[in-house]
Amino acid sequence: MQTLLDKSLSSFARADLLQGPTPIQRADRLEQLLGLKSQGVGLFLKRDDHMLIGGGGNKLRKLEFHIGAAQQVGVDTVITVGGLQSNHARLTAAVCARLGIACELILTRSVPKTDVDYERNGNVLLDQLFGAHLQVLAGGSNSVATAEIRAAQLRESGRKVLVIPTGGSTPLGSLGYARCAAEIARQETELGLTFNQVVVPNGSAGTHAGLAAGFQLLDRGTSIVKSYSVLSDRDTSAARTLQLTLDALTLLGCGAIVQPEEIVIDGSQLGDGYGLPTQAMQDAVRLMARAEGLLIDPVYSGKAFAGLLADLGQGRFRCGDNVLFVMTGGTPGLYAYRDTFQP
């Protein structure tokens with residue numbers, strides 16, 4: 001049965017980059033180790049790291065809509081921006097390689113790390129392997145302005161250029177996670193259960209906003225989604241996420257009013273700032289690896305999972321609750337943080 005959300009999404013061009021839904025698996029061993037089974041709390045993992053292009057990750061869902069729109073108008077060059085170890089940049093480079101589109105990345109040294117692994121390994125290494133042209137700017141630079149200047153130069157030479165903002169987190173890009181909300185709802189039916197909370201990291205806000213918009217159109221409300229801010233403080237993240245949620249709903253043809261308190265964001269895991277390790281993150285990454293044999297990244301999912309572990313430890317869920325943690329990928333970033341895990 002086609003929902004209002006499905007119908008609204010069907011009017012937008014989309015490049016099929018995922019090639020099917022990502023799986024949901026139960027975290028059985030984590031449930032045992034954390035005592036969740038005795039509490040009657042179910043913990044599930046949405047494997048958005050489990051995608052075929054470029055090492056996978058949540059940015060592919062956003063790129064499906066950005067690239068779909070670009071293909072309609074014959075774009076031959078994509079420019080995007082991000083931090084030096086940007087997952088979005090890496091996946092943009094991979095998608096462009098797959099589709100034969102030229103790719104330029106304007107990367108900023110936004111994290112105060114200068115060791116050789118951070119400068120040359122992880123996503124930076126993969127950006128180069130995928131054939132993207134890299135330009136690296138000093139911290140605090142206006143990368144979007146630089147990207148627009150470069151785009152203007154290329155357009156003067158006859159190229160058709162698309163500039164994608166940080167993380168692909170525009171109203172259009174957020175539709176990727178509105179579509180994910182519909183995917184999760186279908187998987188709930190297949191699994192015979194309902195998720196009481198869906199947990200994600202919050203950087204540029206597109207993942208949270210898209211899920212919130214999607215669940216709003218599915219009559220589940222936006223507060224089913226909870227995120228942990230990893231880029232900005234809680235209030236800044238909340239304001240950005242609320243506005244992007246409203247913009248995504250407007251794009252989908254829905255005039256729903258979302259109140260600020262319906263956007264649920266926890267700022268406790270940011271630590272000293274974006275990309276800077278915390279002990280809780282390190283413990284969370286190690287626990288996921290040693291309990292489930294799965295990898296989560298140190299910048300996004302590592303901090304979000306640390307937050308979820310804190311909530312679970314504080315008994316914030318009741319018997320019968322099911323929690324879905326969205327693993328948003330970014331695992332190449334682990335190799336850029338070798339000094340954190342092997343000091």
Side-chain angles (χ1 to χ4, degrees), residues 1 3 5-6 9 14-34 36-37 41-65 87-88 90-91 94-95 98 168 174-201 206-208 210-212 214-215 218 220 224-228 284-285 287-297 300-302 304-305 308-309 312 317 321-334:
M1 178 180 176
T3 65
L5 176 56
D6 293 327
L9 288 168
R14 182 179 65 86
D16 185 10
L17 305 178
L18 271 62
Q19 298 171 308
T22 61
I24 290 177
Q25 65 186 72
R26 190 159 196 159
D28 292 295
R29 193 157 137 72
L30 278 170
E31 287 182 351
Q32 293 172 358
L33 292 173
L34 299 173
L36 301 181
K37 285 191 179 295
V41 176
L43 178 59
F44 295 80
L45 307 173
K46 175 68 168 164
R47 297 293 308 279
D48 270 14
D49 60 322
H50 193 277
M51 298 175 184
L52 299 179
I53 298 177
N58 63 326
K59 312 302 184 184
L60 278 178
R61 290 192 185 271
K62 303 174 188 180
L63 284 167
E64 284 200 315
F65 286 87
N87 297 305
H88 167 68
R90 181 245 311 168
L91 285 170
V95 169
R98 177 71 172 265
S174 297
L175 299 189
Y177 268 89
R179 187 170 183 270
C180 183
E183 182 176 302
I184 290 169
R186 288 190 293 270
Q187 289 174 311
E188 285 177 315
T189 300
E190 294 166 2
L191 294 167
L193 53 79
T194 299
F195 295 115
N196 303 88
Q197 190 162 87
V198 178
V199 177
V200 294
T207 299
H208 186 154
L211 285 168
F215 281 116
L218 290 170
R220 300 276 291 274
I224 185 177
V225 186
K226 179 174 182 176
S227 68
Y228 295 86
V285 170
L287 178 61
M288 182 69 83
R290 296 172 185 180
E292 297 288 345
L294 299 175
L295 300 175
I296 51 178
D297 79 292
Y300 294 93
S301 288
F305 188 53
L308 175 56
L309 289 174
L312 290 166
F317 298 99
D321 282 352
N322 292 304
V323 183
L324 181 65
F325 179 70
V326 181
M327 294 176 58
T328 55
T331 52
L334 283 168

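Nothing here was measured: the structure is a model prediction, and the numbers come from that model.
Across A212 and V225, no two heavy atoms sit closer than the pair N-CG2, 4.0 Å. Residues D48 and C180 share a closest heavy-atom pair of OD2-SG, 4.2 Å. The two residues I53 and R98 come nearest to each other via the heavy atoms CG1-NH1, 3.4 Å. When all heavy atoms of T207 and Y177 are compared, the closest pair comes out as O-CB, 3.6 Å. In terms of heavy-atom proximity, G56 sits nearest to L91 at O-CD1, 3.6 Å. Of all heavy-atom pairs spanning I296 and A284, the tightest one is CD1-O, 4.0 Å.
Side-chain contact between R179 and E64: present, with at least one pair of heavy atoms (C-beta onward) separated by less than 4.5 Å. By the 4.5 Å heavy-atom criterion applied to side chains, R220 and V198 are not counted as neighbours. R61 is not listed as a side-chain neighbour of T328, based on a closest heavy-atom distance of 4.5 Å or more. Two residues are said to be in side-chain contact when any heavy atoms from C-beta on lie closer than 4.5 Å; Y300 and V200 fail this criterion. Two residues are said to be in side-chain contact when any heavy atoms from C-beta on lie closer than 4.5 Å; V323 and F325 fail this criterion.
Other residues, nucleotides and ligands place more than 12 heavy atoms under 6.0 Å from the CZ atom of R47.
In this structure, T22 OG1 and L45 CG are separated by 11.0 Å, a value rounded to the nearest 0.5 Å. The NE2 atom of H208 lies 10.5 Å from the NZ atom of K226; values are rounded to the nearest 0.5 Å. Atom CD1 of residue I24 and atom NE2 of residue H50 lie 13.0 Å apart, to the nearest 0.5 angstrom. Taking CG of L18 as the start and CD of E183 as the end, the distance is 7.0 Å to the nearest 0.5 Å. To the nearest 0.5 Å, the span separating CG on L17 from CZ on F65 amounts to 10.5 Å. Atoms CG and CD, on L308 and Q197 in that order, are 7.5 Å from each other to the nearest 0.5 Å.
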(request) Let me see the working for F305 and V285 under side-chain contact (heavy atoms from CB on, under 4.5 Å), right down to the final yes or no. (result) CA-CA 8 Å; F305 188 53; V285 170; over 6 Å; no
(request) Would you check, one step at a time, whether the test side-chain contact (heavy atoms from CB on, under 4.5 Å) holds for D49 with L295? (result) CA-CA 9 Å; D49 60 322; L295 300 175; over 6 Å; no
(message) Go through it in stages, so that I can follow the logic: the residues are N58 and V326, the test is side-chain contact (heavy atoms from CB on, under 4.5 Å), and I'd like the CA-CA distance, side-chain angles, deciding distance and then a yes or no.
(response) CA-CA 9 Å; N58 63 326; V326 181; over 6 Å; no
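Take E292 and apply the side-chain contact (heavy atoms from CB on, under 4.5 Å) test, not counting sequence neighbours, and it matches A27, R29, L30, M288, L294. R26 is linked by a side-chain contact (heavy atoms from CB on, under 4.5 Å) to D28, E31, F44, counting only residues two or more places apart in sequence or in another chain. Scored by the side-chain contact (heavy atoms from CB on, under 4.5 Å) test, D321 finds N196, F317, R318 as partners (sequence neighbours excluded).
Between R90 and N87, the side chains place a donor N or O and an acceptor N or O closer than 3.5 Å (distance only, hydrogens not considered).
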